[in-house]
Amino acid sequence: MELDELLAKFREYSQQDTTVLEYAWNYSVEAHLEQKRASGEMYFVHCAAVAEILVGYKMDLETVAAGLMHDVLEDTKIPHETFRKEFGDEIYALVAGVTKIETLKFSSRDEAQAENWRKMILATAKDIRVIVIKLADRLHNMRTLNFLTREKQLEISHETISLYAPLAQRLGIFQLKSQLEDLSFKYLHPDEYQSLLAKVQLRYAMSEKLLEDFKTGLEKHISGTQIPCRVLSRAKNIYSIYRKMLRQEKPFEEIQDALGVRIITDNVINCYALLGTVHSIFKPVAGSFTDYIAVPKMNLYQSLHTSVMAASGEVIEIQIRTEEMHRTSEYGIAAHWRYKMGEKGADRHLDEKLNWLRQWMEWLQDLSSPREFIESFKTDLELDQIFIFTPKGDVKPLPVGATPLDFAYIIHSDIGDTCIGAKVNNKMARLDAPLKSGDLCEIITRRNSAPKKDWLTSVKTAGARSHIRKYLREHGQLED
Ligand code: MN
């Protein structure tokens, strides 16, 4: 991709002045001049590719500029202050955010740990746009993974499928999530991937003829109505089929995968008009109609769903939606960003203050059930969390102000009860000194050692406090 192409694509959806983009482009070229990628290409090719992905999601100017320069702080000796003065606080914060995430090295194979890591990445990012840049970066790295060693491929694919694909899903960027999953799957299980790919393509080829006939029939009728629309066949996510096979313990041949098309039009009234047209040509399957336009899903998803019988007797699933609804379903928060942020600079400052909280609210809306919503509210919305590493590299979330004693009780109440000391980042530390996010904490225990009364003032978590009280009460050292 060349600078001119990038600018042209950006101008298709934004009025923002592109001077900064040109400047960022040249700045990044210059900064990475000496660097090469594993493929042998100039390093900057990667930066341009990340920016191209971001423009594809119609991200704002700051995000695209930060995408162009996302590796500048990590890979070059340019001081943070110099960069901040050059590009201002907003772009600096985005690039610094991506750089910070880069330093988190995930190695655990444990699913529960992955969830804590995802939380930590979110807490570290502070701005959803940082995550979107990081996801675009990861997507391009996955697309060029063939140039790395097998060991690296496995490590990065594992990290992608357990950390980044779920993040993309929670942001509602399904298109990105599917791509990250399929690319990881290709490296993690190459044989399964190849055989499944071949089968999916075969099935797809057979159904293609059927869908083509269906589309032609449909288009003929719709063209008479003068309603503008386009008909799309649904994309396949190979990994999701694989997961379905594992879940249902069935071979590919027995997995039901309904044929589906999407009809995309300009406005809501035309959605209903098209639904009427579809039902007048094809017989609807009883009970299959759902109106997610009148009643959107919790994650803001909107569409009309119906299933009809094709002339051939096959059942075809149809989704009818507007362009805007389509963008939301494919790009999630990334699609909303531009509109929510507004391109009028005036509200900007107030907006920024509310960003973090509002992002969480948007985030929460992506969850599927009220129960999940409330659970997240309890755990995730405590913004004042810190993340502490165990010597094995696991991550434990704790409230701000938590001490090594809290950490000991989080690991196990016996560890807490018999704790006699702690090392923080390999140095002896006081049991009541507050920990910082990212600290590595090791607890030293001695058998038959016991909780002391003054510990009650050294802990922050309710769990630790109640364990200590329980012990003291049982040993007559505490009157209720
Ligand atoms: Mn990168």
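We count ligands from 1, going down the list as the structure has it; atoms in each ligand are counted the same way. Keep in mind that this is a model prediction, so the values were computed, not measured.
- Salt-bridge formation is not detected for the pair Glu5/Lys9: no Lys NZ or Arg NE/NH1/NH2 atom is positioned less than 4.0 Å from an Asp or Glu carboxylate oxygen.
- With 2.8 Å as the limit, His46 counts as an N, O or S neighbour of the Mn ion (ligand 1).
- The OD2 atom of Asp71 and the OD1 atom of Asp137 meet at the Mn ion (ligand 1) at an angle of about 160°, given to 10°.
- Ion pair Arg84/Glu81 flagged as a salt bridge, since at least one NZ, NE, NH1 or NH2 atom sits closer than 4.0 Å to an Asp/Glu carboxylate oxygen.
- Classification of the Phe87-Tyr23 ring pair by plane angle, with boundaries at 30° and 60°, yields tilted.
- The nearest N, O or S atom of His70 is closer to the Mn ion (ligand 1) than 2.8 Å.
- In this pair, His189 and Tyr242 present their aromatic rings tilted. The plane angle is within the 30 to 60° band.
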